[in-house]
Amino acid sequence: MMKKKYEGAINTASLTRIAKERSEARIAKLEKKIAKFEGKDDKDSKASPGDRKSKSVRRKNEDSIIPADDRPNPYLNRTFDIPNVQDFMLAKTFRGHKQAISGIAIHPKKPVIATASDDKTWKLWSIPKGELILSGSGHKAWISGVDFHPKGAHLATTSGDGTVKVWDFLKTKCSVTFTEHTQAVWDCAFHDSGDFLATCSMDQTLKLWDMNSQRCRHTFRGHVDSINSVVFQPFSNNLCTGSADKSVSMWDLRSGLCIQTFVGHKNAVGTVCFGLRGDSILSTDMDGFARVWDVRMVSERLSVDFKVPINDAKFDRGSGVIIAACDDATVKVADAEEGRIIGVLQGHEKAVQTVQMDHSDRFLISCGSDSTFRVWA
């Protein structure tokens, strides 16, 4: 699925660039008109008092302060029972979208999930009942990534149209659109403070957006191919990225520099994620390998061959098992210590695109190219 999207994005990249240059010229002219318009007296202004107030607030917004130090990780010294994911049974199936579902996020405080689809929409669902709560549209191409704000009142989405959107649930509308990526945007992740959003793109860049000043604070460069996945190290100022250049990298939010690089994959890295303790990184590639990296030792700790291309993989809370979304329409489960495949969950009709355990490890949610998401318990 990603390969097809990647090829399609390459074919349209040159046309998009030309269109973007033309749009920028039109925007520049429009901004001059707006600046001239805002300089008129209130009597001559056609904007409502609410609109003028909103513009005033945005002008006063300042850049957020990047925390000087990492926050204490409450999970660092905790232990969790390893869930028997290999014994989970299919509990419910929901046909949630018209096309493939490629992104999922779990609300930080409520039993709610967000799904993102190739049909250009995102939706909120109650879990485990699967009742539709809210849906949104506005992207002009498939939606690739989705993440909740830590406070739970906003949702970020990324798309093949090259934009990043942040949606306000209370106002039920898009509150800001970021357009500085020049090609398809694959993934997004909020910082635990909620003040920053990181996004990665086929344009080989990682960008950090300030949620208060609503501008790009930094563009991270170093990968030499598409950056397909991004995640924050829990309760820290470090970012991790997985790239089509076959590498996994860690970046310092404050300096903007790459601080670690993990090399070992033989094919493009599709996804990366951290365990809750933040000391291990799980990465996957299209050759079917999942690799676990020791952050402190900067070395590979485990390699698991799932034998089929992997579209996504996650740890459980205690990083005891690896749950992989596979291209053969299955969810495979592996022991995170020995690397043995200990279970296979079957039920999807087409490739499984993404998986996510709930916050308490009680159930698993999988999403697929068959337009469904499924609950396993």
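Computed from a predicted model, the values in this text were never measured in an experiment.
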Completion exercise
The side-chain contact (heavy atoms from CB on, under 4.5 Å) partners of Ala268 (sequence neighbours excluded) come to Ala244
Handout entry: Aromatic centroids of Trp186 and His181 separated by under 6.0 Å
Key = no
Exercise for the section: For His139 and Thr157, test the side chains for any donor-to-acceptor distance below 3.5 angstrom and give the result as yes or no. Expected result: yes
Exercise for the section: Fit a plane to each ring of Trp376 and His348, take the angle between them on a 0 to 90° scale, and name the class: parallel (under 30°), tilted (30 to 60°) or perpendicular (over 60°). Expected result: tilted
Practice task
Look at the aromatic rings of Trp122 and Phe169 and report parallel, tilted or perpendicular, splitting at 30° and 60°.
Solution key: tilted
Exercise for the section: Give the minimum heavy-atom separation between Ala290 and Ile310, together with the two atoms involved. Expected result: N-CD1, 4.0 Å
Handout entry: Thr241 versus Leu206, closest heavy-atom pair with distance
Key = CG2-CD2, 3.8 Å
Practice task
Test Met250 against every option in Val272, Leu257, Thr261, Ile259 by the side-chain contact (heavy atoms from CB on, under 4.5 Å) rule and name the one that passes.
Solution key: Ile259
Handout entry: Point-to-point distance, once rounded to the nearest 0.5 Å, from CD of Gln204 to OG of Ser243
Key = 7.5 Å
Exercise for the section: Please check if any side-chain donor atom of Ser137 sits under 3.5 Å from a side-chain acceptor atom of Thr121, or the reverse. Expected result: no
Fill in the blank from the handout: Smallest heavy-atom separation, Ala313 atom then Val355 atom, equals CA-CG2, 4.4 Å
Handout entry: Tyr75 atom OH, neighbour heavy-atom count above 12 within 6.0 Å
Key = no
